[in-house]
Amino acid sequence: EAGVVQSPRYKIIEKKQPVAFWCNPISGHNTLYWYLQNLGQGPELLIRYENEEAVDDSQLPKDRFSAERLKGVDSTLKIQPAELGDSAVYLCASSLDSDIQYFGAGTRLSVL
Amino acid sequence: GDSVTQMEGPVTLSEEAFLTINCTYTATGYPSLFWYVQYPGEGLQLLLKATKADDKGSNKGFEATYRKETTSFHLEKGSVQVSDSAVYFCALGDSGGGADGLTFGKGTHLIIQP
């Protein structure tokens with residue numbers, strides 16, 4: 001069974017440019033999470049979806065970040081415009097009926 | 001709010017040494033507790049979990065006991081191997097098992113030397 005797939009693995013952009021990350025959760029998993037992991041820190045939750053509904057986006061900086069999960073499967077996280085401080089690893093995780101979370105390998109973003 | 005504190009790294013040990021990585025937490029209610037491991041270039045993987053006080057989680061020779069009285073969930077292994085080298089994260093979730101999202105510690109980088 002395929003795990004959580006994220007793409008791209010690495011992304012380098014200049015500040016003020018837009019960027020998007022994609023996540024394909026494990027088949028059948030209804031809950032999807034996006035986390036932000038800064039260097040030397042643990043992951044921090046950005047947003048949680050139950051199917052296609054964002055049930056917790058309280059930690060998502062909505063002035064520049066947006067996310068969607070169309071049809072309750074794949075999800076996209078977008079930053080527009082990116083700032084230097086957004087350089088980090090963006091992790092996606094999924095779970096079935098809110099059980100164990102399975103994580104993707106992450107997208108490492110560098111903003112120059 | 002909820003928080004997790006784990007020992008600073010890196011922790012360097014020789015093969016076959018005994019391992020302890022300390023983890024304490026602050027939370028309301030009765031959280032579930034987890035240890036995740038991240039090998040180089042890979043995503044976080046669940047190592048073990050405990051959902052109520054005095055539960056012991058175990059996997060791959062690692063174990064941790066949920067101690068409510070000391071709000072701790074220390075990770076232990078009796079004899080480490082080079083292949084255990086990784087970053088270990090302690091995390092807590094809601095009493096339902098982490099459905100609302102996990103709160104992680106900063107991670108402890110473990111280096112095992114042959």
Can you find a side-chain donor-acceptor pair between [X] and [Y] that sits under 3.5 Å?
X	Y	answer
B:E16	B:S79	no
B:T108	B:Q6	yes
A:Q101	A:Y35	yes
A:D74	A:N24	yes

Bottom line for A:E44: the part with an atom under 4.5 Å from chain B's heavy atoms is neither
Which atoms of A:R108 approach chain B - backbone, side chain, both or neither, heavy atom under 4.5 Å:
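Answer is neither: A:R108 stays 4.5 Å or more from chain B.
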Heavy-atom distance under 4.5 Å to chain A: side chain of B:L46, backbone, both or neither?
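The answer is the side chain of B:L46.
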By a 4.5 Å heavy-atom criterion (distance strictly below it), what part of B:Q45 contacts chain A: side chain, backbone, both, or neither?
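No part of it gets close to chain A.
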